[in-house]
Amino acid sequence: VWRLKLWLLGKLLKNKNIIMHFKGQEEFVSRMLELLEKASKYRKVFFTPFLNEVELDILQRLPHECFIYCDGGYDKAERKRAALSYYEEDIQIPISIMHATYDEKFIKLNHRDVLGSLMSLGIEREVVGDIVVGDGHIYIVIEEEMEDYIHYSLTQIKRANVHFEKCDEMVEIKDTRVYTEVSVASMRLDVIVAQMTHLSREKAQNLIKGGRVKVNQVVLEDYDFLCNNNSTVSIQRYGRFSLEYTDRTTRKGRHVIRIG
């Protein structure tokens, strides 16, 4: 009995030490460690919900004895489900792509409109993968068991009547991001947010301290955090921005960055 207690205590301490390395993601890391352990212990395949790019990276970095397979429904998917398997095998991850069309002459829909309609139906965000909207098409990647619910329940988005059917693949939707180059005094988060929102540093700091800013899907309230290259910054009510560091500086020593 005492050996079992020591083993359990050692395991808890080990997991606690691992979790401490992922600030802001403690709950997620704990859930993934549990799934990885189950896959190893029971020799069964376990599926995660849809994970963003940061969560997928964390999952791969956690200690494990499993094979990890990922699929988001199409090549450029940002959100993907992962299959955790003790054995190396060909696994079909249960996801589906739902498609609908609408007339852009009468209404313009965006990602937020579609996501809002899904949430109003009581659908959890983690069962939904990428949402792609453009050129009169809407694609929603979802967990396979949600097919019928989307088909029968999601019939209207704002004022547009829609009818979702399962499809095999997505058409190419053009990238609507607009890129611009700007110079900033530093890579501090408050400086970057002020540039993206065209607000003062003080107002940018208030947004950050209010929990309205995410960097790579993690809410950060530390406004002197230094942003890395290729970061994704999400600002509530302002949108999502991609940040690229160019390694160039102005004559006054300011950093030149690209914002998408």
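Here the structure is a predicted model, which is why all the values come from computation and not from measurement.
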For the backbone of [Y] and the side chain of [X], can you confirm whether one donor and one acceptor N or O come within less than 3.5 Å of each other?
| X | Y | value |
| --- | --- | --- |
| S153 | I150 | no |
| R248 | V256 | no |
| D103 | K105 | yes |
| R79 | V128 | yes |
| N52 | E55 | yes |
| S85 | V45 | no |
| E144 | M146 | no |

Once rounded to the nearest 0.5 Å, what's the spacing between atom [atom1] of [X] and atom [atom2] of [Y]?
| X | Y | atom1 | atom2 | result |
| --- | --- | --- | --- | --- |
| K41 | E65 | NZ | CD | 13.5 Å |
| I68 | L59 | CD1 | CG | 4.0 Å |
| R258 | S242 | CZ | OG | 8.0 Å |
| E147 | I95 | CD | CD1 | 11.0 Å |
| I208 | D224 | CD1 | CG | 9.0 Å |

Kindly list each side-chain donor-acceptor pair under 3.5 angstrom involving residues 111-123, sequence neighbours excluded, with atom names and distances?
{"unit_1": "D113", "atom_1": "OD2", "unit_2": "N110", "atom_2": "N", "d": "3.0"}
{"unit_1": "S117", "atom_1": "OG", "unit_2": "D113", "atom_2": "O", "d": "3.2"}
{"unit_1": "S120", "atom_1": "OG", "unit_2": "S117", "atom_2": "O", "d": "2.6"}

ask   = Are R43 and Y86 in a cation-pi contact, defined as NZ or CZ under 6.0 Å from the six-membered ring centre and within 45° of the axis?
value =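 Ring-cation test returns yes.
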Only counting residues at least two apart or in another chain, list the ones meeting side chain to side chain donor-acceptor pair (under 3.5 Å) with [X].
| X | value |
| --- | --- |
| Y74 | D130 |
| S40 | none |
| E34 | none |

ask   = Mind checking whether Y69 and F67 have parallel, tilted or perpendicular rings, split at 30° and 60°?
value =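 Geometry flag for F67 against Y69: parallel rings.
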Membership question, hydrophobic clusters at under 4.5 Å side-chain separation (ILVMFWY): are [Y] and [X] in the same one?
| X | Y | answer |
| --- | --- | --- |
| I107 | F164 | yes |
| V215 | L226 | no |
| L84 | Y87 | no |

query = Can you list every pair that meets salt bridge (charged side-chain N to carboxylate O under 4.0 Å, His left out) and has a residue in residues 198-220, with sequence neighbours left out?
reply =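 Applying salt bridge (charged side-chain N to carboxylate O under 4.0 Å, His left out) to every pair that reaches into residues 198-220, excluding sequence neighbours, yields D190-R201.
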ask   = Which heavy atom of N216 sits nearest a heavy atom of V54, and at what distance?
value =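 Taking N216 first and V54 second, the nearest heavy atoms are O-CG2, 2.8 Å.
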Nearest non-hydrogen partners of Y42 and F46, listed with the distance =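 Smallest heavy-atom distance, with atoms named: CD1-CZ, 4.5 Å.
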Within a strict 4.5 Å, meaning less than it, do heavy atoms of the [X] and [Y] side chains meet?
| X | Y | value |
| --- | --- | --- |
| F50 | V141 | yes |
| I157 | Y102 | no |
| V184 | I257 | yes |

query = Would E143 and K80 satisfy salt bridge (Lys or Arg N to Asp or Glu O under 4.0 Å), going step by step from the backbone distance to the final call?
reply = CA-CA 10 Å; E143 293 185 2; K80 300 177 182 179; over 6 Å; no
query = Mind checking what makes ring pair (Phe, Tyr, Trp, His ring centres under 6.0 Å) contact with H151, not counting sequence neighbours?
reply =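 So H151 forms a ring pair (Phe, Tyr, Trp, His ring centres under 6.0 Å) with H163.
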inquiry  = Does atom CD (E88) have a neighbourhood of more than 12 heavy atoms from anything else shown, all under 6.0 Å?
reply    =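 Count not over threshold, so no.
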message = Is a donor from one side chain sitting under 3.5 angstrom from an acceptor on the other, for S30 and E26?
response =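 Result is no, nothing qualifies.
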